[in-house]
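First the proteins, then the strands, lettered A, B, ... as listed; each starts at 1.
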Protein chains: 2
Amino acid sequence: MYGQSLVITDVRLTPVLVADPPLLNTQGVHQPYTPRLIIELVTAGGVTGIGETYGDGKYLEIARPLAERLIGTAVSDVNRLFTLADETPVDAARVDEAVDVGGLRGVQSADKLRLSVVSGFEVACLDALGKALGLPVHALLGGKVRDAVEYSAYLFYKWAEHPAGRACEPDAGWGAALDPAGIVAQARLFAERHGFGSFKLKGGVFPPNEEIAAIRALARAFPGSPLRLDPNGAWSVATSLRVAAELGDVLEYLEDPALGTPAMARVAAGTSVPLATNMCVTTFDEIPEAFAKGAVRVVLCDHHYWGGLRRTRELAAVCRTFGVSVSMHSNTHLGISLAAMTHVAATVPGLGHACDSHYPWQAEDVLTSRPRFVDGRVTVTDTPGLGVDIDRDRLAALHARWLDDDFRALRERDDAAAMRAADPEWATPAVPRW
Amino acid sequence: MYGQSLVITDVRLTPVLVADPPLLNTQGVHQPYTPRLIIELVTAGGVTGIGETYGDGKYLEIARPLAERLIGTAVSDVNRLFTLADETPVDAARVDEAVDVGGLRGVQSADKLRLSVVSGFEVACLDALGKALGLPVHALLGGKVRDAVEYSAYLFYKWAEHPAGRACEPDAGWGAALDPAGIVAQARLFAERHGFGSFKLKGGVFPPNEEIAAIRALARAFPGSPLRLDPNGAWSVATSLRVAAELGDVLEYLEDPALGTPAMARVAAGTSVPLATNMCVTTFDEIPEAFAKGAVRVVLCDHHYWGGLRRTRELAAVCRTFGVSVSMHSNTHLGISLAAMTHVAATVPGLGHACDSHYPWQAEDVLTSRPRFVDGRVTVTDTPGLGVDIDRDRLAALHARWLDDDFRALRERDDAAAMRAADPEWATPAVPRW
């Protein structure tokens, strides 16, 4: 057999809790700490590949048996990951439970849960394979077609600090942002610290007129810069159309104004503002209806739940075939995933929109050296693998927090529960909220 | 920079003329010799990768400048091939000229011509990359999901020999097949020599009732075996529906009964027999209309004109997303392409139909050792690269034939011209023919 040295001999799964600022969305607020899972695959040749994905219990429950089944598989056999995952049972109760509190990522299904785990293993396989072969991950995906990937500043309404009594890390100087002036100040800080020239505001938090005012203020402060607004499906079709009409002259696109493909299609039919989504098209199964109805013009891919970097390229091919653009969605993530996103984005032709990333909000990481944004861009590294390395002390510290009984309640991300720490009456709002 | 040893330092393009039996189709008959282009890429590390594609003049005219531009590119940078090809000018007259005499492969466009050349280079890059890294090509595509790929016997109406006066090679015992008994005898020879258990008849040659009788005879001779009929768009919608009704109980699918997506959609709407195509969907651009109209249930990919092995996987992803099956089309090809087809087919999940291949008809090849069909299957090799090697003497002999002035007229494949050697009055039939 070829590639004996590529065979996986050990898998290490390390759940961590990562500091997260009090970022607001329509369902609630980010917890002080967000769970992530760090995956390390060790090969017979002594190479270690790393990956990262969601760290909530329902993901860990799939990751653990999958890790055991992976022993003996070559890291080049990434197609096999999907077969192995398909054979891994998923607790139906876990699929149906509650809402998707992790950040409004669309439909929940057993397959999507599996893919959200497979993606972390796939990235770790590609990292190991690249290291073993002396090739950067982008070369394993056919080679970069650009030397740097542009990201967008991800603006959030936020408090200055988490609700009283909740342990948390320092805010790194971001402060509060609860009105147009606060959002513009935050955007200036993003531009100053990272050089971003494209801005996305997470909306659905305040009544639409306040968010319209925030986008107008950004347009005045950053004339000509691409601007986006994402209320996570909080609006009715009528409200969506009103916002589109009012902001049509300054928006690059409107992201998930209304919930579900039929509503999105009705909005799309009534405006020339392009609609983007990471909610109504989050699986391959959802594509035919959405494309047939013309519901979206930009699909925001998240390699975590689409099933990895190669599936991301397949999604890009599907979108290209149907004249739909593709860009990148992001949830709270660490530098391993930023590196993975950058490698795959570097290989996708015609990437016409800056990618999203929460990464500037993460003051903590598990890496020896953090990827940097320069002029809003991350340089595509030619170092073998992903080009990032684990700092074992940092990993151990974030894992120790995950193990700490005082933090046990935070092992499951729940933005509504986090909101109730400030507002005990808070309930996830019914949709459409406005 | 990574991968200095992977940089292409030399490209050898060797056009050849390959013996081809007098196989009949609706446009005419195969020439005694068919042009193919053998591509060899040499890397700085001393590895040679091989690929194969069409060898007619219009392909050579693109291949030569592309070969020059490739020097200095790493064989891992396969995404770059498409950029380089896009920058290579294509003579518009070459696109528009005449009909597609190469075998009814659908729309002709500059982009498709480019992709038909790129595919040969892409396969050569993957072969070189695999050899350099010690990995089989399937591993570069994510790893095989099956250990052998099933092929179908490709039955043709044929004469016992080429028209008098035409130089040609011995017929390898196939003989004539011009009626149901002849087709059944040919099928038995295919089953005996190669173990095929699935049969496709190239139709559109005789009036439909004769071809219906041939399929009925095959169904009696090979009860339960998957059967297909492909008249290359020679029939009207009404004729297509009549044939579908008469053969619905024995056909696995009907391939391109009528010409063009609108006609295919009308046939599809009137029968439960699945329709397959390698004529109305031969580019990504043609997919949206065909899928929206429900015109086809199986797309027969040909990596040569879809742009290579990675594009083949992308096509499979598009088809999977829309619930359309994918299998493989074939035109006259050598063992390099058979190896390439086998590697990529081995990685495509859910390949539910045996692939097509003309290869058993080719008595000549340029390889040291020919891939074999056992039980109708080709084993997926784990040898680095494609797992096949050039025999330089054989390559030189077939190239010498291409150089020979006596064979100059055959450098452009023209099935109608070949037919006129037997029937001076022959003209490409108008469609629908029946």
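Looking at Ala292(B), there are no atoms closer than 4.5 Å to chain A (heavy atoms on both sides), in backbone or side chain.
Contacts with chain A were tallied for Gly134(B), Cys125(B), Gly143(B), Pro288(B); Pro288(B) has the most, counting heavy-atom pairs under 4.5 Å. Across Val145(A), Leu140(A), Val78(A), the residue that shares the most heavy-atom pairs under 4.5 angstrom with chain B is Val78(A). Counting heavy-atom pairs under 4.5 Å between each of Gly142(B), Pro136(B), Gly323(B), Ala139(B) and chain A puts Gly142(B) at the top. Note: Thr321(B) leads Thr321(B), Leu315(B), Val318(B) in heavy-atom pairs under 4.5 Å with chain A.
Crowding of Arg320(A) atom CZ: a count of heavy atoms from other residues, nucleotides or ligands under 6.0 Å exceeding 12. Taking a 6.0 Å sphere around CZ of Arg266(B), one finds it holds 12 or fewer heavy atoms contributed by other residues, nucleotides or ligands.
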List the steps and the verdict of side-chain contact (heavy atoms from CB on, under 4.5 Å) for Arg80(B) and Lys144(A). CA-CA 8 Å; Arg80(B) 187 170 151 78; Lys144(A) 62 186 177 186; over 6 Å; no

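Remark: aromatic rings of Phe284(A) and Phe322(B) are distant, center separation not under 6.0 Å.
Looking at Asn79(A), its side chain never comes within 3.5 Å of a backbone N or O of Pro349(B) through a donor-acceptor pair. Panel note: side chain Arg310(A), backbone Leu141(B); a donor-acceptor pair is recorded below 3.5 Å.
Of the inter-residue distances, the one linking Leu135(A) atom CG with Leu6(B) atom CG reads 6.0 Å to the nearest 0.5 angstrom.
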